[in-house]
Amino acid sequence: MTLKILALCGSLRRQSRSRALLQATRQLAGDRVAVDIFEGLGDLPLFNPDLEDDAPAAVRRFWQAVSDSDALLIASPEYAHGVTGTIKNALDWLVGYVPFAGKPVAVFNPSHRAEHADAALRETLATMAAPLVPGACVRIPVTAGDWDVEGICADPRLSAMIDAALQAIASFQPPEP
């Protein structure tokens with residue numbers, strides 16, 4: 001059985017280095033892990049608990065993608081020392097979504113220097129009962145240079161970090177409730 005990882009990019013920019021990191025992860029995973037980058041985060045309406053009982057189609061698609069995954073992988077830049085609105089809004093839609101609770105999560109910090117958003121994201125995920133995968137919550141510094149998918153895949157240091165994170169996700173056993 002192939003492990004299914006749902007990847008969430010905190011940047012909506014087409015040329016985002018966070019997106020390039022996730023695309024490189026998908027490419028390096030090969031056949032052993034299916035990495036699906038969710039493309040609908042920009043379609044999610046601002047979180048409103050009044051909409052949860054009759055959720056908009058974009059939210060239902062997101063929830064289904066989360067349900068269909070074995071683990072989540074988040075790569076997101078830091079904006080003004082904080083988590084991007086894109087990721088925060090997506091996580092807000094998952095707070096009350098029962099299939100998310102207990103789902104393993106990996107966090108790739110794509111910056112060589114950003115720390116505030118990474119710490120805030122990890123705190124938010126811990127509050128949401130998402131077990132963070134040791135060895136897969138790592139800094140993979142692709143914002144320090146002119147990296148693209150091919151460059152990330154070709155760099156032995158970066159590809160080794162990604163491979164180690166994928167192995168950590170694949171071997172992760174969530175703690176007993």
Side-chain angles (χ1 to χ4, degrees), residues 1-23 25-26 29 33-110 114-134 136-138 165-166 168-177:
M1 184 172 92
T2 301
L3 180 73
K4 296 180 207 170
I5 298 175
L6 181 65
L8 307 178
C9 182
S11 174
L12 299 179
R13 289 182 56 221
R14 247 178 290 125
Q15 298 302 318
S16 161
R17 292 205 180 106
S18 295
R19 179 171 305 286
L21 176 57
L22 294 174
Q23 290 169 329
T25 300
R26 179 176 56 202
V33 177
V35 178
D36 179 30
I37 301 171
F38 187 77
E39 298 295 345
L41 292 185
D43 298 330
L44 296 176
L46 291 176
F47 176 69
N48 179 344
D50 291 340
L51 300 177
E52 285 182 299
D53 289 338
D54 189 22
V59 174
R60 290 193 312 273
R61 280 191 301 276
F62 180 48
W63 285 345
Q64 188 62 56
V66 170
S67 292
D68 292 344
S69 70
D70 299 309
L72 271 65
L73 168 59
I74 300 171
S76 182
E78 178 172 288
Y79 289 160
H81 281 189
V83 176
T84 66
T86 301
I87 286 298
K88 181 62 172 107
N89 190 52
L91 292 177
D92 285 347
W93 279 110
L94 293 177
V95 167
Y97 187 60
V98 174
F100 173 74
K103 194 161 294 253
V105 178
V107 177
F108 284 2
N109 180 346
E115 296 176 17
H116 302 282
D118 189 55
L121 179 57
R122 291 176 192 223
E123 175 63 24
T124 299
L125 290 163
T127 300
M128 296 172 65
L132 297 174
V133 179
C137 293
V138 293
L166 288 171
I169 297 167
S171 63
F172 180 70
Q173 294 297 316
E176 294 293 322

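When all heavy atoms of Gly10 and Ile87 are compared, the closest pair comes out as CA-CG1, 3.3 Å. Taking both residues in full, the closest heavy atoms of Pro131 and Ala129 are given as CD-O, 3.4 Å, listed atom of the first, atom of the second, then distance. Ala7 and Leu22 get closest at one heavy-atom pair: CB-CD2, 3.9 Å. When all heavy atoms of Ser18 and Pro110 are compared, the pair lying nearest together is OG-CG, 3.3 Å. Here the closest non-hydrogen pair linking Thr84 and Pro77 is CG2-O, 3.4 Å. Closest approach of Ala34 and Thr2 over heavy atoms only: N-CG2, 3.5 Å.
Contact of the Thr124 side chain with the Val83 side chain is not registered, since no non-hydrogen atoms from C-beta on lie closer than 4.5 Å. Using a 4.5 Å heavy-atom threshold, the side chains of Asp68 and Leu6 count as separate. In this structure, the side chains of Val95 and Phe100 stay at 4.5 Å or more apart for every pair of heavy atoms. The shortest side-chain heavy-atom distance between Pro134 and Phe172 falls under the 4.5 Å cut-off. Residues Leu166 and Thr25 have side chains in contact (heavy-atom distance under 4.5 Å, counting atoms from C-beta outward). Using a 4.5 Å heavy-atom cutoff, the side chains of Leu91 and Leu125 are in contact. Between Thr86 and Leu8, every side-chain heavy-atom pair lies at or beyond the 4.5 Å cut-off. Residues Pro45 and Val59 have side chains in contact (heavy-atom distance under 4.5 Å, counting atoms from C-beta outward).
We find the CZ-SG distance between Phe38 and Cys9 to be 12.5 Å, quoted to the nearest 0.5 Å. Interatomic distance, CZ of Phe108 versus CD1 of Ile74, reported as 11.5 Å (0.5 Å rounding). Going from atom CG of Leu21 over to atom OG of Ser76 covers 11.0 Å, rounded to the nearest 0.5 Å. Summarising the geometry, atom CD1 belonging to Ile169 is positioned 4.0 Å from atom CD1 belonging to Ile5; distances are rounded to the nearest 0.5 Å. To the nearest 0.5 Å, atom CG of residue Asp92 and atom CE of residue Met128 are 7.5 Å apart. Here Leu3 contributes atom CG and Asp70 contributes atom CG; the two are 5.0 Å apart, rounded to the nearest 0.5 Å.
A donor-acceptor pair under 3.5 Å is formed between the side chain of Ser16 and the backbone N or O of Arg19. Without hydrogens or angle criteria, Lys4 side chain to Asp36 main chain gives no donor-acceptor distance under 3.5 Å. A donor-acceptor pair under 3.5 Å is absent between the side-chain atoms of Lys103 and the main chain of Ala130, judged by distance alone. One N or O on the side chain of Glu78 and one on the backbone of Ala117 form a donor-acceptor pair closer than 3.5 Å. Side chain of Arg122 to main chain of Cys137: a donor-acceptor pair is present (N/O by atom type, distance under 3.5 Å, no hydrogens or angles). Side chain of Asn109 to main chain of Ala114: a donor-acceptor pair is present (N/O by atom type, distance under 3.5 Å, no hydrogens or angles).
Note on Arg61 versus Glu39: no salt bridge recorded, every NZ/NE/NH1/NH2 to OD/OE distance being 4.0 Å or above.
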Task: Stepwise side-chain contact (heavy atoms from CB on, under 4.5 Å) check, Phe62 with Asp43 - done: CA-CA 10 Å; Phe62 180 48; Asp43 298 330; over 6 Å; no
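Aromatic ring pairs are classed by plane angle as parallel below 30°, tilted from 30° to 60° and perpendicular above 60°; the pair Phe47 and Trp93 is perpendicular.
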